[in-house]
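Convention: sequence-line order gives letters A, B, ...; per-chain numbering from 1.
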Amino acid sequence: MESLKSKKATAFMSEQLTLSTKKKLLLIDGNSVAFRAFFALHQQLDRFTNHDGLHTNAIYAFKTMLDKVVKAVQPDKALVAFDAGKTTFRTGKFSDYKGGRSKTPEELSEQMPYLRDLLTGYGIKSYELKDWEADDIIGTMAREGEADGYQVIIVTGDRDLTQLATDQTTVAITQKGVSEIEYYTPAHVQDKYGLEPKQIIDMKGLTGDTSDNYPGVTKVGEKTAIKLLTQFDSVEGVYEHLDDIKQSKMKDHLIEDHDQALMSKDLATIRTNAPLAIHLDDIDYNGPDIDKLIAFYQQMDFNNFQKQLQNAGLSLDLGDDETSTALKTVSWTELTKDNLNLIDNFTDEVSFILEMPDENYHLSAFAGFVMTDGKQTLVSREVDLLQSAQIKNLMENGNIEKNVFNAKAQYVGLHRLGVKLVGVDFDLLLVSYLLDTNDNSNDLGSLAQQHGYDQVETDEAVYGKGAKRAIPDDDEQFFDHLSRKALAIQNLHEELFKELDQNEQRDLYVNIELPLTFVLADMEIAGVYVDTDQLTNMREKFKEQLSSLKQTIYNEAGEEFNINSTKQLGQILFEKMKLPVIKKTKTGYSTSVDVLEQLASQAPIVENILAYRGLSKLQSTYIEGLLKVVHSHDHKVHTRYLQTLTQTGRLSSVDPNLQNIPIQTQQGREIRKAFVPSHDGWEIFSSDYSQVELRVLAHITGDANLQEAFREDEDIHAATARRIFGLTSNDEVTPLMRRQAKATNFGIVYGISDYGLSQNLGISRPQAKQFIDTYFREYPDVKKYTEDVVEQAKKQGYVETITHRRRYLPDINAKSFNRRSFAARTAMNTPIQGSAADIIKIAMIQMQKALTDRDLKATMLLQIHDELVFEAPKEEIPILEKLVPSIMDSAVSLDIPLKVESAHGSTWYDAK
DNA sequence: ATATTCACG
DNA sequence: ACGTACGTGAATATA
């Protein structure tokens with residue numbers, strides 16, 4: 001989780017940087033970043049050598065960092081500063097400065113000259129200055145940039161540079177690796193140290209620095225220094241107010257080390273007046289020199305990077321419009337009712353876009369459309385034309401192949417116009433997702449750019465974003481963009497199909513994802529009827545209960561406050577009422593359920609807060625939330641299944657999310673009474689797979705004991721309990737044992753760790769470890785699987801499901817323990833969760849076909865990961881009771897049987 | 001926009 | 001020594 005969070009934080013900061021309209025100056029501390037880069041991939045030192053035996057790990061990691069930073073910052077000017085040599089003006093002041101440092105490893109220093117070549121390829125200047133350190137070059141250049149109105153971004157691995165942070169200068173510190181970056185603004189420095197940036201040098205003065213080998217004041221560390229500086233502002237301030245400090249050992253040390261403190265502060269101070277021979281005018285950044293880079297990558301044996309560049313033809317994947325080559329002009333013809341016969345030129349294939357500006361294609365307006373075959377491009381704002389006989393025939397003619405971006409959205413949009421989309425061959429969105437679930441931007445332009453096609457911009461670039469987003473009134477602008485998008489689809493068709501073939505994913509695309517997209521479209525269009533009276537009645541009831549709970553809570557607290565605010569609630573519980581703090585979040589006290597449950601016995605208010613929370617969740621998310629999205633004309637909700645989002649191959653559901661409707665508590669479960677059939681005399685029918693993920697686990701691992709349990713149709717958690725507790729019969733399994741075995745089973749599926757299991761079960765870590773060890777002893781092939789799959793991920797860089805769905809795990813070799821372990825757990829979990837997703841997808845396609853073939857009225861409405869929900873006339877229920885399970889359990893043939901359970905009733909609630 | 005919480009599989 | 005269960009979406013508060 002942590003790694004995800006930090007990714008998000010980084011992404012956010014990057015965006016902030018990009019958002020600023022100021023000119024940007026990027027300054028990189030070459031030596032420091034190279035050092036970090038070298039150690040980030042130190043474990044892989046041996047793997048990273050080129051044909052000449054040159055180590056390349058630092059160059060590789062530096063390149064990765066550079067891509068990231070350049071993309072985030074999009075600089076107008078850039079410079080990488082290097083240290084010039086061992087002696088500087090600082091060694092003149094203090095001969096031991098940076099003394100005692102172990103010298104740079106040969107494996108790194110041999111890479112330094114090539115780093116310069118890399119930078120030349122990137123079009124970024126390098127600079128060094130005798131007697132001065134890289135820091136001083138950066139400090140000087142930063143101030144020069146500030147004076148000229150630039151936003152300055154400094155990249156380094158050295159925290160001392162945070163002293164340079166100002167309103168105009170952000171210091172980006174590379175973390176453990178080099179691709180994780182923490183951005184220090186003055187506010188963030190304050191947060192982190194409780195000091196202003198300029199006080200960093202005072203802190204260094206007091207504490208000294210072991211790595212740079214200069215002394216501070218004896219026994220004064222970061223904590224003491226911060227305390228002193230908060231009180232006295234600076235080193236000088238401390239000494240002016242020595243009298244205010246009580247007699248103590250510390251005071252003696254301060255007095256004794258006065259000179260050292262002043263000297264150290266001086267050494268730590270980055271100069272902003274270095275006599276540079278290079279200035280802002282000399283360091284314009286105009287993007288990379290592709291040919292040079294390709295040659296360089298070839299020399300380094302960076303085959304992937306080289307290929308990327310060659311595929312891209314001209315542009316580097318920096319997502320940077322300014323660095324990519326200019327757009328060539330496109331020609332298009334505006335289609336009108338008078339030149340509709342131009343349509344007849346499309347005889348074999350056509351790339352098509354019906355442009356819908358809103359995300360929600362069930363409701364979006366239609367802005368226009370475009371059709372192209374690469375020779376002729378037709379555009380129009382008049383969507384009525386789509387309903388003309390010519391176009392309708394084209395769309396409904398399966399012999400003319402359609403290339404699109406998001407076939408489901410196109411199918412639904414056209415359906416709303418009374419046109420059926422038939423013959424889709426290439427869906428750029430879907431194919432991109434299968435090729436790499438990681439970069440699943442939903443924007444045609446950015447996906448096309450990622451695949452090396454640069455003749456198209458992102459929607460954001462053309463339409464704007466946020467409140468300013470709008471389809472341009474200018475025909476030329478709008479039609480150009482539409483045309484370029486359609487041409488991008490047209491052009492990427494063949495190449496991406498080739499890539500699918502290379503990945504053995506053609507079958508997954510042709511026989512699963514593409515057909516599924518239309519099954520999903522039909523489900524979305526069908527929608528689910530909602531009994532709004534049921535919901536409004538519940539709303540009234542809940543409203544009363546909530547306000548009475550609220551009063552009770554206020555009374556118990558002795559004041560009114562916002563119960564929904566974790567901050568205010570934390571103050572009441574942990575400050576006013578002095579309840580023990582069990583867990584903290586990074587912003588304050590945690591008040592989550594598990595914390596509150598532990599506190600419940602200590603104060604009655606806690607129980608009421610829990611009740612309030614539960615009720616208000618139901619009220620806002622499910623009652624009010626659902627009512628908001630019921631379509632008024634048909635009384636139904638039409639969710640959208642996102643088919644290209646999850647990293648595992650699962651679907652997700654939005655607007656509304658119908659995959660997380662409550663079921664666990666009685667109170668919540670009542671919500672399901674509002675989901676009813678859309679016709680009288682119909683019922684809701686539901687079938688779900690029993691323990692699919694564990695069955696998939698049994699299949700994939702081939703573990704004989706696990707497989708036996710499923711072949712015997714045992715209660716799997718009881719069987720596991722019997723095994724890990726060494727019992728002879730299931731009769732001896734107590735409920736507690738079963739619960740613990742169940743948690744262990746889940747843990748295995750999630751990529752187990754003893755810590756996670758201990759947290760979940762509330763047991764000690766050694767105990768959890770004991771469970772896991774026993775589990776692995778009883779199911780030895782499961783153990784082998786967990787090891788093999790991680791090994792495979794390390795070797796190939798990705799893991800696969802039973803249908804060759806692929807997930808890349810770039811962090812599997814990360815230096816950061818966190819990232820690496822997260823990737824390892826993911827490696828274990830993804831093939832299981834993903835294969836289960838594959839199975840139900842296959843079942844859905846077969847199911848839809850079976851319903852049509854048999855002319856049944858029954859309609860598939862929902863998929864909830866391991867469950868399918870239908871509505872059907874009562875007479876068809878007996879048919880479904882046989883048909884649905886038989887299709888679901890034979891969707892794929894595994895080494896063990898699949899099991900399906902069904903239920904039906906007058907509402908979703910009753911289908912239990 | 002991010003963090004927290006909580007609903008589901 | 002590190003500090004975690006896997007995959008999602010929505011509402012709310014807070015900045």
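A/Phe822 does not qualify as a stacking partner of the C/dT4 base, lacking a centre-to-centre distance under 5.5 Å together with planes within 30°. The ring of A/Phe817 does not lie on top of the base of C/dC2; it is either too far (5.5 Å or more) or too tilted (30° or more).
In this model, the phosphate group of B/dC6 is approached by a side-chain N or O of A/Arg613 to a distance below 4.0 Å at OP1 or OP2.
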Dot-bracket pairing map - DNA chain C, Watson-Crick plus G-U, both contacts under 3.5 Å, | cross-strand: .....|||||||||.
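Here A/Phe771 pairs with A/Phe725 under the ring-ring contact (aromatic ring centres under 6.0 Å, His included) rule; sequence neighbours left out. Not counting sequence neighbours, A/Tyr689 has no partner by the ring-ring contact (aromatic ring centres under 6.0 Å, His included) test.
Of the P atoms belonging to C/dT4 and B/dA3, the separation is 15 Å, rounded to the nearest Å. Taking atom P in both B/dC6 and C/dA5, the straight-line distance is 15 Å, to the nearest Å.
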Could you go through residues 760-770 of chain A and list every donor-acceptor pair under 3.5 Å that involves a side-chain atom there, pairing it with any protein atom two or more places apart or in another chain?
unit_1, atom_1, unit_2, atom_2, d
A/Ser764, OG, A/Gln767, N, 3.1
A/Ser764, OG, A/Gln767, OE1, 3.3
A/Gln767, OE1, A/Ser764, N, 3.2
A/Lys769, NZ, A/Asp773, OD2, 3.2

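Salt bridge status for A/Arg650 with A/Glu693: present, with a side-chain N to carboxylate O gap under 4.0 Å.
Here B/dG9 presents its P atom at 18 Å from CD1 of A/Ile839, a figure rounded to the nearest Å. Spacing between atom OH of A/Tyr755 and atom C1' of C/dA1 amounts to 15 Å, rounded to whole angstrom units.
When the nucleotides C/dT8, B/dT4, C/dA5 are ranked by their closest atom to the side chain of A/Leu757, C/dA5 comes out on top. The side chain of A/Ser620 lies closest to C/dT12, out of C/dT12, C/dT8, C/dA10. Considering only side-chain atoms of A/Lys628, the nucleotide from B/dT4, B/dG9, C/dA11 that sits closest is C/dA11.
Taking every heavy atom of residues 658-670 of chain A and every atom of DNA chain B, pairs under 4.0 Å involve A/Gln659, A/Asn660, A/Ile661, A/Pro662, A/Ile663, A/Gln664, by number.
Residues in residues 561-575 of chain A take part in these side chain to side chain donor-acceptor pair (under 3.5 Å) pairs, two or more places apart or across chains: A/Glu575-A/Tyr589.
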